[in-house]
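Remarks on the structure that follows.
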Number of protein chains: 2
Amino acid sequence: MNRFLARPIYLQLRDALVERIATGQWKPGTMIPNEGDLAREFGVSPGTMRKALDLMEAMRLLTRRQGRGTVVNDPSSEELAGRYTNLRRTDGRVIADEVKSGEITEGPANERECIRLRLAKDDRVFRAHRRRLHEARAYMVEEASMPTALFPGLADDQNPSPGITELAGHYGLLLGKAEERISVGEASLEVAEALGIAFASPVLALDRVVYGLDGRPVEWRMGWCHSADRMYLAEMR
Amino acid sequence: MNRFLARPIYLQLRDALVERIATGQWKPGTMIPNEGDLAREFGVSPGTMRKALDLMEAMRLLTRRQGRGTVVNDPSSEELAGRYTNLRRTDGRVIADEVKSGEITEGPANERECIRLRLAKDDRVFRAHRRRLHEARAYMVEEASMPTALFPGLADDQNPSPGITELAGHYGLLLGKAEERISVGEASLEVAEALGIAFASPVLALDRVVYGLDGRPVEWRMGWCHSADRMYLAEMR
DNA sequence: AAGTGGTCTAGACCACTCA
DNA sequence: GAGTGGTCTAGACCACTTG
């Protein structure tokens with residue numbers, strides 16, 4: 001590795017290793033070579049390779065355990081799939097979900113989709129409709145939009161598209177941070193009917209964008225949630 | 001430093017350095033010795049000292065800049081003081097605040113205070129009342145509770161107690177993470193009057209606990225926010 | 001006992017800032 | 001040019017897991 005480039009070696013290493021996961025060369029759940037072997041393979045010192053692996057662990061791509069080795073994390077594992085879901089029951093428990101997904105449609109991005117997904121006027125999006133049930137009762141309706149460019153052939157997909165985490169896994173997208181805007185809204189006619197509440201009654205409006213590891217927006221999702229017995233849990237550091 | 005203790009040296013170093021800030025030996029805004037000198041002072045290798053300083057930077061206690069040196073962060077600086085405030089205007093801008101603080105009272109912790117602040121039945125708390133104004137109009141009322149044990153003599157304090165960040169600074173408390181529970185509530189009579197809205201109209205209810213670096217709860221604050229033209233911005237990683 | 005990641009050392013040189 | 005943090009090396013040994 002060239003040590004006189006502007007970009008530090010450990011960042012180049014990180015990118016090279018991330019690429020191995022993104023391309024499927026390293027699959028979720030499998031072990032990767034030990035640190036010493038990797039360092040030799042790339043021709044760097046163990047400490048430098050270690051720093052790259054530290055970064056990947058911080059990105060939640062790897063799990064290392066002393067004495068055992070290093071495994072590639074499965075993005076659709078319970079822990080990682082739930083990381084963009086901060087909705088809880090009032091007592092703090094996670095909501096035991098059942099998701100009903102509607103058909104996936106495709107069309108030109110509207111104004112809000114262009115803003116949230118950073119698309120140009122002529123770009124197209126896939127749209128998905130979901131209803132989340134708790135104890136056989138709908139408590140939230142969602143409308144999600146995804147750039148077609150990132151999900152080639154999604155419309156023909158047979159799967160019912162459970163959530164962005166699983167979808168991203170299918171299309172080789174690695175997810176990074178997400179931003180969610182929470183506000184109080186009024187139930188529209190559709191939302192009121194779907195949730196079984198009165199028109200214009202207050203709901204939690206959840207406006208979330210999930211970004212890829214490269215920072216590109218991957219999904220924009222609006223959610224309207226029946227607010228009774230539910231809360232949103234945010235953490236700050 | 002003893003390298004055969006169960007606790008890694010870099011963690012011991014971090015704690016020792018945090019202590020220097022907590023006790024005021026290193027004051028906010030001042031430079032600390034360079035990494036080499038610190039390593040020599042503690043009898044460790046530079047790399048180990050560096051790792052400890054990395055951790056402190058991640059805790060937002062220090063700012064390091066290549067060529068310049070390392071300074072102790074001021075917790076009441078704009079950047080750090082605003083870190084527990086995720087409320088924004090709908091367009092995303094930060095809300096230009098004016099805070100009106102009421103008198104500080106003292107009394108036995110009630111049931112919810114005991115839970116949120118992890119207190120025993122007989123522990124006592126200070127209570128503060130605040131109203132946040134935007135363009136001379138109240139948009140949020142707050143009720144904060146703090147364990148008396150952490151703020152000795154707070155009731156006699158002449159200051160109008162602006163926020164937890166400044167208060168913590170005065171009493172040598174270093175702040176860590178915070179948790180906030182967001183839900184939709186109905187304006188009580190008091191809240192409705194203070195905010196100039198109708199009784200029982202929907203408000204954002206913000207239930208926040210700020211923890212110290214040691215993990216102990218430092219402040220519990222309930223806030224009721226007029227929801228029009230405002231949103232809560234959460235980030236997930 | 002062998003293999004893994006975790007800690008630690010004692011340097012070297014680079015990139016940046018400022019007097 | 002002196003001083004700082006940032007990067008990188010090439011090892012050593014420790015703690016843990018597994019066969």
Side-chain angles (χ1 to χ4, degrees), chain A residues 1-18 20-21 26-74 79, chain B residues 1-18 20-21 26-74 79:
Chain A
M1 279 270 165
N2 187 343
R3 55 190 291 188
F4 296 104
L5 289 176
R7 200 166 164 70
I9 297 179
Y10 67 90
L11 289 181
Q12 301 178 47
L13 288 173
R14 179 199 62 179
D15 293 347
L17 301 184
V18 166
R20 291 197 175 179
I21 297 177
W26 286 350
K27 294 203 177 358
T30 64
M31 299 267 258
I32 70 172
N34 72 55
E35 302 183 346
D37 286 350
L38 282 174
R40 271 183 293 280
E41 178 190 341
F42 283 91
V44 299
S45 121
T48 302
M49 179 55 72
R50 188 170 180 75
K51 191 157 180 177
L53 294 170
D54 283 343
L55 291 178
M56 298 189 60
E57 204 174 19
M59 291 192 286
R60 309 196 191 222
L61 290 173
L62 301 176
T63 299
R64 292 190 284 183
R65 276 183 57 193
Q66 185 174 131
R68 252 169 67 94
T70 301
V71 300
V72 180
N73 287 337
D74 180 0
E79 190 203 344
Chain B
M1 279 269 166
N2 187 344
R3 51 189 295 188
F4 296 104
L5 288 176
R7 200 167 165 69
I9 297 180
Y10 67 88
L11 288 181
Q12 302 177 47
L13 287 173
R14 179 199 62 179
D15 293 347
L17 301 184
V18 166
R20 292 199 174 177
I21 297 178
W26 286 350
K27 296 205 173 0
T30 64
M31 299 267 257
I32 69 172
N34 71 55
E35 303 182 346
D37 286 350
L38 282 174
R40 271 183 293 279
E41 178 190 341
F42 282 90
V44 299
S45 120
T48 303
M49 179 55 71
R50 188 169 181 76
K51 192 159 179 176
L53 293 170
D54 283 343
L55 291 178
M56 299 189 60
E57 203 174 19
M59 291 191 289
R60 307 193 190 226
L61 290 173
L62 301 176
T63 298
R64 294 191 284 181
R65 276 183 57 194
Q66 186 174 142
R68 254 170 66 95
T70 301
V71 299
V72 180
N73 287 337
D74 180 0
E79 190 204 343

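Every chain is numbered from 1, with letters handed out A, B, ... down the list of sequences.
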**OP:** Could you state the atom-to-atom distance from CZ of A/Arg40 to C1' of D/dA10 in whole Å?
**Re:** 12 Å
Original post:
Of all residues at least two apart in sequence or in a different chain, which pass the side chain to side chain contact (heavy atoms under 4.5 Å, CB included) check with B/Pro28?
Top reply: B/Asp74, B/Pro75
Subject >> Short side-chain N/O contact from A/Thr48 to OP1 or OP2 of D/dT7, under 4.0 Å >> reply: no
Original post:
Got A/Lys27 and A/Val72 here, is their nearest side-chain heavy-atom distance under 4.5 Å?
Top reply: no
**OP:** Using only side-chain N and O atoms of A/Ser45, determine if any of them is under 4.0 Å from OP1 or OP2 of D/dT9.
**Re:** yes
Original post:
What residues, two or more places apart in sequence or in another chain, satisfy side chain to side chain contact (heavy atoms under 4.5 Å, CB included) together with B/Pro33?
Top reply: B/Trp26, B/Asp37, B/Leu38
Original post:
So what is the end-to-end bend of the helix from C/dA1-D/dT18 to C/dC18-D/dG1, with 5 pairs used at each end and the value given to 10 degrees?
Top reply: 10°
Original post:
Got a sec? Which of residues 67-74 of chain A come in under 4.0 Å of DNA chain D, heavy atoms?
Top reply: A/Gly67, A/Arg68
Subject >> Partners passing side chain to side chain contact (heavy atoms under 4.5 Å, CB included) against A/Thr70 (at least two apart in sequence or in another chain) >> reply: A/Ile32, A/Leu62, A/Arg64
Subject >> Shortest non-hydrogen contact from B/Arg60 toward B/Asn73 >> reply: O-ND2, 2.9 Å
**OP:** State which residues pass salt bridge (charged side-chain N to carboxylate O under 4.0 Å, His left out) with B/Arg20; sequence neighbours excluded, sorted by chain then number.
**Re:** B/Glu41
**OP:** Find the distance A/Ile9:CD1 to C/dC13:P and express it as a whole number of Å.
**Re:** 16 Å
Subject >> Rounded distance in Å - CD (B/Gln66) to C1' (C/dC16) >> reply: 5 Å
Original post:
Quick check: are there more than 12 heavy atoms from other residues, nucleotides or ligands sitting under 6.0 Å from CD of A/Glu79?
Top reply: no
Original post:
For DNA chain D, whose closest nucleotide is more 5', that of A/Tyr10 or that of A/Pro46?
Top reply: A/Tyr10
Original post:
Side chains of B/Leu17 and B/Met49: closer than 4.5 Å at any heavy-atom pair?
Top reply: yes
Original post:
Counting only non-hydrogen atoms, which of residues 31-39 of chain B are less than 4.0 Å from DNA chain D?
Top reply: B/Asn34, B/Glu35
Original post:
Got a sec, which residues hit side chain to side chain contact (heavy atoms under 4.5 Å, CB included) with B/Leu55, two or more places apart in sequence or on another chain?
Top reply: B/Tyr10, B/Leu11, B/Arg14
**OP:** Please list residues of residues 50-65 of chain B whose heavy atoms come under 4.0 Å from any atom in DNA chain C, ordered by number; otherwise none.
**Re:** B/Lys51, B/Arg65
Original post:
For the atom pair OG1 (B/Thr48) and CD1 (B/Ile9), what is the distance rounded to the nearest 0.5 Å?
Top reply: 6.0 Å
**OP:** Indicate the atoms forming the closest heavy-atom contact of A/Met31 with A/Val71, along with that distance.
**Re:** SD-CG1, 3.6 Å
